[in-house]
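First the structure, in the form of structure tokens, and then the observations on it.
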Protein chains: 2
Amino acid sequence: MVNRSEYISDAVIRRLPRYYRHLGELMNQGITRISSGELGAQMGLTASQVRQDFNHFGGFGQQGYGYNVKDLYKEVASILGIDQMHKAVIIGAGHLGAALVKYPNFIKRGFDFVALFDVNPDLIGTDIGGVPIYSMDTLEEYIEANNIDIVVLTIPKVEASLVGERLSSTSIRGIWNFASRDLKISNPNIIIENVQLSDSLMRLSYRMHNDQRD
Amino acid sequence: MVNRSEYISDAVIRRLPRYYRHLGELMNQGITRISSGELGAQMGLTASQVRQDFNHFGGFGQQGYGYNVKDLYKEVASILGIDQMHKAVIIGAGHLGAALVKYPNFIKRGFDFVALFDVNPDLIGTDIGGVPIYSMDTLEEYIEANNIDIVVLTIPKVEASLVGERLSSTSIRGIWNFASRDLKISNPNIIIENVQLSDSLMRLSYRMHNDQRD
DNA sequence: TAGATTGTTAATCGATTAACAATC
DNA sequence: TAGATTGTTAATCGATTAACAATC
């Protein structure tokens, strides 16, 4: 993968996981090649947009042929960094934490949830689907000893900022935050992805009340 | 709220829940008025963008004063349609379904999860946090009898499309889909919001590997 | 009134679309 | 070779930013 290290817009970044999933489904269907026009039609994009998107990263097609589905899939995986394994822990062993641990798609995409952490003494020492639950006291120690690079926060917002600061001084590289307030921490090298489920539900409500086809 | 019924871009729609949340926090802090410049600075937007956004819906400020926080909050709620109550059911009483039922923010924003549905006979007849779990056999009947307008799908993708088709012939107005394949159904009047949690995680991975500040 | 800040028009910037020579 | 389809440049469209008269 050639990353020309030009600026990549958010619009492009948002489409990358969609390409990845779609190409995966094409592979499942046994489709080995596809043109930008056909791929775009299936995904609701123009042929130009598809080609422009991939040319940000070098362009993976061949004139007169189109794109090899499997090769393109691998390239997109590489661009997304999901050709590498990521070790992750989840803080908060509630229902959401349990749902994420048990969800099979993540491990398929290289995200390995290896431990849970919680403050509840009744949970510490137990496990969810074979993934152990540890005490919050051992968090930093565990992260460093096990080369954890992503921490998932499924804890209430009041606790999230405090835990965020604790994570600031660890060697993790990303936080996937489900707390209902956007997280900001002092370490600028740690990337934060805030997931606001209620934003998604509010957008659904908006569209239900202001019917625009998309 | 004046909706001029012009086309509203997706970029604007995505900002509306953020405004709503931010204004809510300002209210909690006892702040009663704010200028577009200050609101923008706090949210990482320009003053122009803030004013343009609100002027799509009529403009709620006053020259020389700015915006009344509480009034603006109510206006945004009205635009989003969350000044009205929405009755919802969740299909799939697993961990994710349980997490959503128990999450207090949704009821605060007018989304009332009144029932769960599942195929597992061990779960049918029990409840989660007081919300009953019913058999899938009674789904359509329940929806019509209780004026349900949103259905949440927390079931595997293989089952989601079948359930989606069943929902096509009901009077619901929206589907909030957590299954890992984008849902399409035959009834064009039902709005679908697909939540792809793994897309979010892949974007985090992308940013961890291609460090761009945002 | 003077100062502040809006609503709105105009200018700019960036993303998407169109066009086409290059080439498989 | 002829046909297909890319990579890439140019044109267009739309979103964001700037500017400023209106006005509280």
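Keep in mind the model is a prediction, meaning the values are calculated, not measured. So you know, we letter chains A, B, ... as the sequences are listed, proteins then strands, and number each from 1.
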Open item on the list: Protein within reach of the bases, or only the backbone? For nucleotides 19-24 of chain D, mark each nucleotide 5' to 3' as B, S or -, using heavy atoms under 4.0 Å.
Closed with: BB-BBB
Mutual orientation of the aromatic rings belonging to [X] and [Y] [parallel < 30°, tilted 30-60°, perpendicular > 60°]:
{"X": "H86(A)", "Y": "F111(A)", "result": "parallel"}
{"X": "F113(B)", "Y": "F106(B)", "result": "perpendicular"}
{"X": "Y73(A)", "Y": "Y20(A)", "result": "parallel"}

Task: Side-chain ion pair, D199(A) and R21(B), N-O less than 4.0 Å - done: yes
Task: R15(A) with D53(A): basic N within carboxylate O range, under 4.0 Å - done: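 Salt bridge: yes.
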Open item on the list: Please list, in numerical order, the residues of residues 14-46 of chain A that have a heavy atom closer than 4.0 Å to any atom of DNA chain D.
Closed with: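 Hits under 4.0 Å, by residue number: S35(A), S36(A).
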Open item on the list: Quick check on dT17(D): is either OP1 or OP2 less than 4.0 Å from any side-chain nitrogen or oxygen of Q49(B)?
Closed with: yes
Open item on the list: For a quick test of reading the model: is some side-chain N or O of Y67(B) closer than 4.0 Å to OP1 or OP2 of dG7(C)?
Closed with: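 For dG7(C), OP1/OP2 do have a side-chain N/O of Y67(B) under 4.0 Å.
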TODO: Just call it for F54(B): base, sugar-phosphate, or nothing, with non-hydrogen atoms closer than 4.0 Å on any strand.
DONE: nothing
- [ ] Sort and list the pairs that fulfil ring-ring contact (aromatic ring centres under 6.0 Å, His included) and have at least one residue in residues 142-174 of chain A, not counting sequence neighbours.
- [x] F117(A)-Y142(A), Y134(A)-Y142(A)
Open item on the list: Using a 3.5 Å limit for the pairing distances, which stems of at least 3 consecutive Watson-Crick or G-U wobble pairs does DNA chain C take part in?
Closed with: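 When the pairs of DNA chain C are grouped into runs of at least three, the stems are C:3-24 with D:3-24.
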TODO: Would you mind listing every side chain to side chain donor-acceptor pair (under 3.5 Å) that reaches into residues 108-119 of chain B, with sequence neighbours excluded?
DONE: S198(A)-R109(B), N105(B)-K108(B)
- [ ] Can you run down the side chain to side chain donor-acceptor pair (under 3.5 Å) pairs that involve residues 143-162 of chain A, sequence neighbours left out, and say none if there aren't any?
- [x] E144(A)-S171(A)
